[in-house]
Colleague: 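Let me begin by handing over the structure; questions about it come next.
Position 1 is the first residue of the sequence, and the numbers go up from there. Ligands are counted one by one from 1 in listed order, and the atoms in each one are counted from 1 as well. For the numbers below, each heavy atom of this structure counts, side chains included, while hydrogens, waters and symmetry mates do not. Just so it is clear, the model here is predicted, and its values are computed rather than measured.
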Amino acid sequence: MTDRTKTSLDTYEAVLFDLDGVLTPTAEVHMRAWERMFNAYLDSRGGQPPYTEQDYFDYVDGKPRYDGVRSFLASRGIELPEGTPDDPPDVETVSGLGNRKNVEFSRVLETDGVQAFPGSIRLVDHLEKAGVKVAVVSSSRNARAVLAAAGILDRFPVIVDGNVAAERHLAGKPAPDTFLAAADDLEVLADRAVVVEDALSGVAAGRAGSFGLVVGVDRGAGADRLRESGADVVVADLGELVAE
Ligand SMILES: [Mg+2]
């Protein structure tokens with residue numbers, strides 16, 4: 001890839017990393033959490049075959065949490081009251097089961113952990129040595145737990161996650177606000193900072209914020225679509241950006 005040879009991230013003052021799909025393969029953890037939650041629930045009802053990975057792709061993948069619950073249950077002919085988002089996880093409602101999945105997510109993180117992408121860690125190491133500041137910018141409210149489980153929480157002095165965004169009333173991606181807040185916290189101007197993202201909405205946020213460089217990591221979105229959405233450079237693995 002010709003992009004790579006002319007791209008040296010250590011000429012910038014800061015690099016702002018998305019988390020899920022950029023630093024950690026978190027989709028796996030979500031899949032396992034859904035599986036544990038649904039299978040425990042189906043067991044408790046009895047008379048149902050187990051939830052499978054195929055169910056995940058057919059009914060849950062990519063949907064907002066409660067939609068995933070409702071959609072899978074409907075496939076088994078189970079209808080539950082909606083409940084409300086603050087239903088405790090032991091309540092038998094769509095919201096309750098959704099919240100139960102979130103509890104399971106934390107449990108899977110604690111027991112199984114999550115392994116950061118080795119190439120991403122090599123880049124973070126490289127930037128640290130070069131004196132480039134780093135931050136994590138994630139929509140997830142579980143960002144700190146994921147970083148801790150991956151053993152890299154202390155590598156990022158600035159973390160703008162879903163909780164910080166809610167507290168500070170920052171608009172989510174594709175708005176640039178969370179990335180701009182992270183640059184500001186690092187005391188770096190946007191045009192001296194790099195955004196690293198695997199989602200189309202994320203690279204769009206990078207472009208909207210007029211950052212110095214937007215790096216797309218292609219974990220399935222597709223290099224062309226990442227470029228169309230705002231990526232200046234697309235790599236398959238962040239290790240490609242570490243100078244030999
Ligand atoms: Mg992502």
Colleague: For the pair Arg45 and Glu92, find out whether any cationic side-chain nitrogen is under 4.0 Å from an anionic carboxylate oxygen.
Modeller: yes
Colleague: If only side-chain N and O atoms count, and only distance matters, is there a donor-acceptor pair under 3.5 Å linking Ser95 with Thr93?
Modeller: no
Colleague: Relative to the ring of Phe72, is the ring of Tyr51 parallel (under 30°), tilted (30 to 60°) or perpendicular (over 60°)?
Modeller: perpendicular
Colleague: Could you please spell out the steps behind the side chain to side chain contact (heavy atoms under 4.5 Å, CB included) verdict for Glu79 and Leu73?
Modeller: CA-CA 7 Å; Glu79 207 178 308; Leu73 293 180; over 6 Å; no
Colleague: side-chain contact (heavy atoms from CB on, under 4.5 Å) with Met37: which of Leu42, Val108, Asn99, Leu97?
Modeller: Leu97
Colleague: Does the pair Arg32 and Asp112 meet the rule for a side chain to side chain contact (heavy atoms under 4.5 Å, CB included), with working shown?
Modeller: CA-CA 10 Å; Arg32 260 176 280 158; Asp112 301 3; 2.7 Å; yes
Colleague: Mind listing the protein N/O/S atoms less than 2.8 Å away from the Mg ion (ligand 1)? Waters don't count.
Modeller: Asp18 OD2, Asp20 O, Asp198 OD1
